[in-house]
Amino acid sequence: MSWTIMELLRNDLSRLKLEMKKRMLDESLATKAAELDAQWRATLKEVDRLRHEHNKITREVASAPKELRQSKIEEAKKLLQQLQEMEKQLDELERQREIALMALPNLVHESVPVGDESASVPIRFYGKFKVYKDDLEQFKSQLGGNQVDFELLNWKPIPHADVMEQVLKLGNTIKAGDVASSRFYYLFDDLVWLDMALLAFAIDFMTSRGFTLVLPPYMLRGSIIKSLIDFETFKDAIYKVENEDLYLISTAEHPIAALYAGETIDRSSLPIKFVGASPAFRREAGAANKDLKGIFRVHQFHKVEQFVFSDPNQSWQIHEELISNAEALFRELDLPYRVINIASGDLGACAAKKYDLEVWMPAQAKFREMVSCSNCLDWQAYRLKIRYVEKNGDKGFVHTLNSTAIATSRAITAILENYQKEDGSVEVPKALRKYLEPFSAAPRDFIRPYKLSG
RNA sequence: GCCGGGGUGCCCGAGCGGUCAAGGGGCUGGCCUGGAGAGCCAGUAGGCGAAAGCCUUCGCGGGUUCGAAUCCCGCCCCCGGCGCCA
């Protein structure tokens, strides 16, 4: 037992409640969990005592002289009845305790701003932002008082969805809607090349930084998924395969985390760093009518994901490393962004701290999320039972961290808006060109509007 | 999908209804040593407990029994063969 949350539950309940308060969650969940845990432990003690008695008698049966056997067996039977009664209570308590424990969120790191979504703080800005002249005020309101470099446009960039469908004619969400449903898309030619190039770029970058490349299973068993995400997220996010206990992954984070489920890792071999490449499938059931146009919020996209199993002492350092990797990718793509320190009330249950990287979208006059980078501490590792062991035999739970490297559909929307020229053509980011070169049909420098390219 | 054979600790491997799950190997620590060689000793799954200790654990879940690694049922996975197939 060394799960941080469990230790607080047993030794410092008020601290745990404080943490939950920061997240604006109901603190009574902690009280309830603590009560159930105490009850469970007391009952377990009693059950263990009865089991011990029963085991003793049972062992004696074998060696007892014939005439004593029957009475020993009778004695055992009687004890067994008592035991089974207690075990039923224990099972029920255990079930309730488990539910209560699983409902507890992670700690909140001291550097996380406390409050709801509006308390999130932009901590860094990068790049030269392209701002349409009429959007200037809106732009400035999103800077959190920071001074940044920007360029005023006297023409209004076209939203990514319209560039894609009307100007370039390289995407079709209408037909995809007919044959699949909304939030699906067809991409053609240059946008497909762009998708591929983004993947190759991110994979190349991450592997050159020592991350092990992994292509994970695209589906996971229910038991695994359920230990990774809470029920609410689950319902809204996950596709299930009919007649199978299998679920489509919504990110490579999950199959990679599960790679070490139930395992014990030598402490000296930490950190273990992976870069996963996979499609991501999301129901987006909670998104209502948000971002229905275009390919910003879709049911299916490609993603390159960073994932690290870390030594507990190192995880905060690695968290910074992961966000800086993501930032380096967007710098090389020359997409202007800000990094947000997400407020406590807006954190997922598993994250103790989360950075979002948001790219400026000139047509929408908004920063939009491209990357999410979380330190889960030992919260995920406890659920998946991923331990480390030291040379002297001491054990603990590892820390896990995850961060997007590139999510293709979103990165494409950012390129379509930021690399858009006044004539509607879209320049190919220089960082991607070497990944397009080997293909004779791939775009070289510009993606041209449909009419002009014939 | 069908038929057959399997799943035992970190690894190999015995056990197939009754005391602590044999035996070997690896790893870690200790003794010994000039020496991480040989030899000897101990530790090497999870939980409860301050500790002593106890409980649980033989792929997973049920069942039979005073007692299950061992018998019965369902599921998962691996190997071999047949079938199907990009």
Side-chain angles (χ1 to χ4, degrees), chain A residues 1-12 33-102 104 215-227 240-247 255 258-270 272 279 309 378 381-398:
Chain A
M1 198 281 289
S2 67
W3 183 33
T4 315
I5 301 299
M6 183 79 81
E7 269 167 24
L8 291 184
L9 191 72
R10 291 182 181 176
N11 306 320
D12 193 354
E35 277 168 10
L36 283 167
D37 182 54
Q39 264 182 286
W40 171 78
R41 282 194 288 170
T43 310
L44 179 63
K45 214 170 157 182
E46 180 59 13
V47 165
D48 278 355
R49 192 187 63 77
L50 289 170
R51 279 175 178 163
H52 178 56
E53 288 302 306
H54 183 253
N55 286 344
K56 235 167 60 184
I57 296 168
T58 287
R59 256 180 262 130
E60 285 163 12
V61 171
S63 53
K66 274 191 190 112
E67 60 275 20
L68 281 179
R69 267 199 169 183
Q70 205 45 48
S71 69
K72 287 277 181 199
I73 288 175
E74 290 308 317
E75 204 183 335
K77 272 188 177 173
K78 244 164 106 181
L79 206 53
L80 193 61
Q81 256 184 354
Q82 255 189 79
L83 179 58
Q84 281 170 344
E85 197 55 40
M86 279 308 267
E87 279 180 331
K88 249 167 74 182
Q89 281 183 45
L90 183 68
D91 284 352
E92 180 56 22
L93 273 171
E94 203 166 277
R95 205 181 57 79
Q96 288 181 26
R97 170 182 179 263
E98 186 69 8
I99 290 168
L101 287 180
M102 289 301 115
L104 297 176
L215 190 148
Y218 299 166
M219 301 179 202
L220 292 172
R221 286 184 202 285
S223 62
I224 296 291
I225 291 265
K226 280 163 197 161
S227 66
K240 184 181 191 311
V241 177
E242 198 175 11
N243 299 326
E244 306 266 358
D245 178 35
L246 285 173
Y247 298 80
L259 183 58
Y260 283 89
E263 310 224 352
T264 302
I265 304 168
D266 280 338
R267 190 168 193 171
S268 59
S269 59
L270 296 171
I272 304 175
F309 299 93
D378 58 1
Y382 171 76
R383 297 177 159 224
L384 289 168
K385 306 294 178 237
I386 305 173
R387 296 176 168 88
Y388 67 79
V389 59
E390 298 190 48
K391 279 236 184 283
N392 69 10
D394 287 354
K395 291 187 175 181
F397 290 105
V398 302

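Here is the naming used below: chain letters follow the sequence lines, and residue numbers restart at 1 for every chain.
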Identify all pairs in which a protein N or O lies below 3.5 Å from an N or O of nucleotides 56-64 of chain B, and state each distance.
from  : atom 1 : to      : atom 2 : distance (Å)
B:U56 : OP2    : A:Asn55 : ND2    : 3.1

Looking at [X], I'd like to know whether one of its side-chain N or O atoms comes within less than 4.0 Å of OP1 or OP2 on [N].
X: A:Lys77; N: B:C66; result: yes
X: A:His52; N: B:C55; result: yes
X: A:Lys395; N: B:G46; result: yes
X: A:Arg59; N: B:C20; result: yes
X: A:Arg10; N: B:C48; result: yes

Heavy-atom closest pair (A:Tyr388 atom, A:Thr264 atom, distance to 0.1 Å) is C-CG2, 4.1 Å

A:Asp37 versus A:Met6, closest heavy-atom pair with distance: OD1-SD, 4.4 Å

Is a side-chain donor or acceptor of [X] paired with a backbone partner of [Y] at a separation under 3.5 angstrom?
X: A:Lys240; Y: A:Glu244; answer: yes
X: A:Asp245; Y: A:Gly222; answer: yes
X: A:Arg387; Y: A:Tyr382; answer: no

Take atom [atom1] in [N] and the same atom in [M], then report the distance between them in whole Å.
N: B:G17; M: B:A69; atom1: C1'; answer: 11 Å
N: B:G59; M: B:C16; atom1: P; answer: 16 Å
N: B:G61; M: B:C76; atom1: P; answer: 15 Å
N: B:G53; M: B:G35; atom1: P; answer: 35 Å
N: B:C41; M: B:C32; atom1: C1'; answer: 11 Å
N: B:U57; M: B:A51; atom1: P; answer: 23 Å
N: B:C75; M: B:A68; atom1: P; answer: 24 Å
N: B:G46; M: B:A36; atom1: P; answer: 30 Å

In whole angstrom, what separates [X]'s [atom1] from [N]'s [atom2]?
X: A:Arg49; N: B:C55; atom1: CZ; atom2: P; value: 12 Å
X: A:Glu87; N: B:G47; atom1: CD; atom2: P; value: 19 Å
X: A:Tyr388; N: B:C10; atom1: OH; atom2: P; value: 19 Å
X: A:Arg97; N: B:G47; atom1: CZ; atom2: P; value: 10 Å
X: A:Leu101; N: B:G47; atom1: CG; atom2: P; value: 13 Å
X: A:Leu83; N: B:G67; atom1: CG; atom2: C1'; value: 13 Å
X: A:Asp245; N: B:C75; atom1: CG; atom2: C1'; value: 11 Å
X: A:Gln81; N: B:G67; atom1: CD; atom2: P; value: 12 Å

Where the side chain of [X] is defined as all heavy atoms beyond and including C-beta, which of [options] is the nearest nucleotide?
X: A:His54; options: B:G67, B:G46, B:C20; value: B:G67
X: A:Thr58; options: B:C77, B:G18, B:C48; value: B:G18
X: A:Arg387; options: B:G49, B:C66, B:G47; value: B:G47
X: A:Ala76; options: B:C76, B:C66, B:G49; value: B:C66

Nearest-0.5 Å distance that lies between atom CD1 in A:Ile224 and atom CG in A:Leu384: 6.5 Å

Gap between atom CE of A:Met86 and atom CG of A:Leu50 - 0.5 Å precision: 6.5 Å

First of A:Arg41 and A:Glu74 reached from the 5' end of RNA chain B, by closest nucleotide: A:Arg41

Upstream residue (5' side of RNA chain B) when A:Trp40 and A:Arg221 are each assigned their closest nucleotide: A:Trp40

Among A:Glu74, A:Glu53, A:Gln84, find the residue that satisfies the side chain to side chain contact (heavy atoms under 4.5 Å, CB included) test when tested with A:Leu79. A:Glu53

Would you say A:Lys385 has more than 12 foreign heavy atoms packed within less than 6.0 Å of its NZ? yes

Just need the stems in RNA chain B: three or more back-to-back Watson-Crick or G-U pairs, each with both distances under 3.5 angstrom, sorted by first number. B:1-7 with B:76-82, B:10-12 with B:23-25, B:26-31 with B:39-44, B:45-48 with B:53-56, B:59-63 with B:71-75

Closer than 4.0 angstrom, basic N to acidic O: yes or no for A:Asp48 and A:Arg51? yes

Under a 3.5 Å threshold, yes or no: a donor from one side chain and an acceptor from the other, between A:Gln96 and A:Glu92? yes

